[in-house]
Each structure stands twice: as C-alpha cells, then as structure tokens.
Amino acid sequence: MGYCVLYILSSLLEVWTTLFSDIGLMGEPSLIDSTFGHGNQSLLNLLLTGVATPNVFDFVRNVDGMDLVGVQKQNDMGFLTLLEALRYCKVGDFLKCPKFPIWIIGSESHLSLLFSSEVSFMV
C-alpha cells in the first residue's frame, strides 16, 4: 500500500503543472475519492499517459460549446472498460491500441491487468 501511494505522489509531482493547466483536471476537485478512497479516471490517465484528463476518447471533443480533452497520443499501456460494452462511454484508439500488449481493464469495482509476452500481433 505504501509503495502505491509513493508512486502516485511521485507521478503527481512529476506532472504538477499539468494538473492545473487548461488540459488538466477540468474542474474536478480531487484525484482520489474521499468517501471510498479509489482513484478517478483522471488519476488513471495521469499514471498511464502523464496527463490528468478525465476522458478516455482521443483528442478534443466539443460538446455544447465546451471543449472536453481526451488522450492526445498513443500510449505504452492501454485501457479498456466494461462501461464501453454497456455503452456508457467510448474508449479511443490511443488507449485501445497501445504500443505494447499491456492493458488495464476497468470494471464496476476493480481494475485488472491484461498482458501478453507476444509483441508480434501489435503491428
């Protein structure tokens, strides 16, 4: 548990300026839920991409005049979620197709890690 907290803190310090920029938290109050203690999507994106964006789609989307920022480039690790199968969100190609065959899988209650030692099918 202590190592996880240190990893999160070091990640936060490394990209501190990103947290308060225009492409940062988009007004979200905290990266960790104070009631349940779990991290939100911004924290997960911060750890995966280095930028704390609350969205999983690619690039920027304009919704009713408001620009929502998503993931800006292909990552080393990917992210998939059960919420997409339920049609609550759409994960962009940058997170679906990472550089290496490693994905974080999000469900309602936990995160899992999926990986393969075969890199050949990533082309």
Side-chain angles (χ1 to χ4, degrees):
M1 174 71 177
Y3 291 113
C4 291
V5 172
L6 289 175
Y7 178 70
I8 291 170
L9 288 175
S10 68
S11 297
L12 290 174
L13 290 174
E14 184 176 330
V15 292
W16 187 258
T17 56
T18 303
L19 293 176
F20 298 103
S21 69
D22 290 339
I23 60 170
L25 292 178
M26 303 293 188
E28 290 188 30
S30 176
L31 292 174
I32 298 176
D33 184 274
S34 59
T35 305
F36 301 108
H38 64 268
N40 64 17
Q41 188 64 46
S42 294
L43 178 61
L44 188 57
N45 284 350
L46 173 65
L47 297 175
L48 287 174
T49 68
V51 180
T53 58
N55 303 302
V56 293
F57 50 77
D58 294 342
F59 301 115
V60 177
R61 288 190 182 170
N62 187 297
V63 178
D64 290 331
M66 186 169 75
D67 287 335
L68 302 177
V69 179
V71 177
Q72 299 299 310
K73 62 181 181 164
Q74 184 183 27
N75 301 323
D76 293 338
M77 292 177 57
F79 177 75
L80 303 171
T81 178
L82 175 65
L83 297 177
E84 184 170 21
L86 300 173
R87 297 181 186 217
Y88 287 118
C89 71
K90 173 105 172 78
V91 177
D93 289 334
F94 290 152
L95 289 174
K96 282 185 183 176
C97 304
K99 294 177 185 173
F100 302 104
I102 305 169
W103 293 269
I104 302 289
I105 311 294
S107 73
E108 302 97 340
S109 61
H110 65 280
L111 298 171
S112 300
L113 181 67
L114 176 69
F115 66 94
S116 173
S117 58
E118 279 296 317
V119 184
S120 60
F121 72 90
M122 295 302 295
V123 177

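Here the structure is a predicted model, which means the values were calculated and not measured.
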Where do [X] and [Y] come nearest, in terms of heavy atoms and distance?
| X | Y | answer |
| --- | --- | --- |
| Pro98 | Gly78 | CB-N, 3.4 Å |
| Glu108 | Leu82 | OE2-CD2, 3.2 Å |
| Gln72 | Gly70 | NE2-O, 3.1 Å |

Linked, directly or transitively: [X] and [Y] (ILVMFWY side chains, under 4.5 Å):
| X | Y | result |
| --- | --- | --- |
| Leu80 | Leu86 | no |
| Leu111 | Leu95 | yes |
| Phe100 | Phe115 | yes |
| Met77 | Val71 | yes |

**Prompt:** Roughly how far, to the nearest 0.5 Å, is OG of Ser117 from CD1 of Ile102?
**Reply:**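 The distance works out to 11.0 Å.
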**Item:** Spacing of Gln41 atom CD and Thr81 atom OG1 [to the nearest 0.5 Å]
**Value:**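 Between atom CD of Gln41 and atom OG1 of Thr81 there are 7.5 Å.
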**Request:** Return yes if some donor-acceptor pair links the side-chain N/O of Asn45 with the main-chain N/O of Val56 below 3.5 Å, else return no.
**Result:**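 Not at all, since once roles are kept as given, no pair shorter than 3.5 Å links the two residues.
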**Request:** Please answer whether the main-chain N or O of Val69 pairs with a side-chain N or O of Asn55 as donor and acceptor at a distance below 3.5 Å.
**Result:**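 Yes, the answer is positive, given that a donor and an acceptor are paired below the 3.5 Å cut-off.
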**Request:** Using the test side-chain contact (heavy atoms from CB on, under 4.5 Å), find all partners of Leu114 that sit at least two apart in sequence or belong to another chain.
**Result:**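 If we apply the side-chain contact (heavy atoms from CB on, under 4.5 Å) test to Leu114, skipping adjacent residues, the hits are Trp103, Ile105.
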**Prompt:** Would Val51 and Lys73 satisfy side chain to side chain contact (heavy atoms under 4.5 Å, CB included), going step by step from the backbone distance to the final call?
**Reply:** CA-CA 11 Å; Val51 180; Lys73 62 181 181 164; over 6 Å; no
**Any residue meeting side chain to side chain donor-acceptor pair (under 3.5 Å) with Gln74, in chain and number order, not counting sequence neighbours** =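 Applying side chain to side chain donor-acceptor pair (under 3.5 Å) to Gln74 gives none.
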**Request:** Name all residues meeting the side chain to side chain donor-acceptor pair (under 3.5 Å) criterion together with Asn62; count only those two or more places apart in sequence or in a different chain, and write none if there are none.
**Result:**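 Listed in chain order: Asp67.
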**Asked** Please, which pairs that meet salt bridge (charged side-chain N to carboxylate O under 4.0 Å, His left out) have at least one residue in residues 52-66, sequence neighbours excluded?
**Response**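 Checked against salt bridge (charged side-chain N to carboxylate O under 4.0 Å, His left out) - neighbours excluded - no pair reaches residues 52-66.
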**Prompt:** So do Leu48 and Ile104 actually touch side chain to side chain, heavy atoms under 4.5 Å?
**Reply:**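 A side-chain contact under 4.5 Å exists here.
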**Request:** Among residues two or more places apart or on two chains, list those pairs meeting ring pair (Phe, Tyr, Trp, His ring centres under 6.0 Å) that have a residue in residues 49-92.
**Result:**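 Residue pairs passing ring pair (Phe, Tyr, Trp, His ring centres under 6.0 Å), neighbours aside: Phe59-Phe94.
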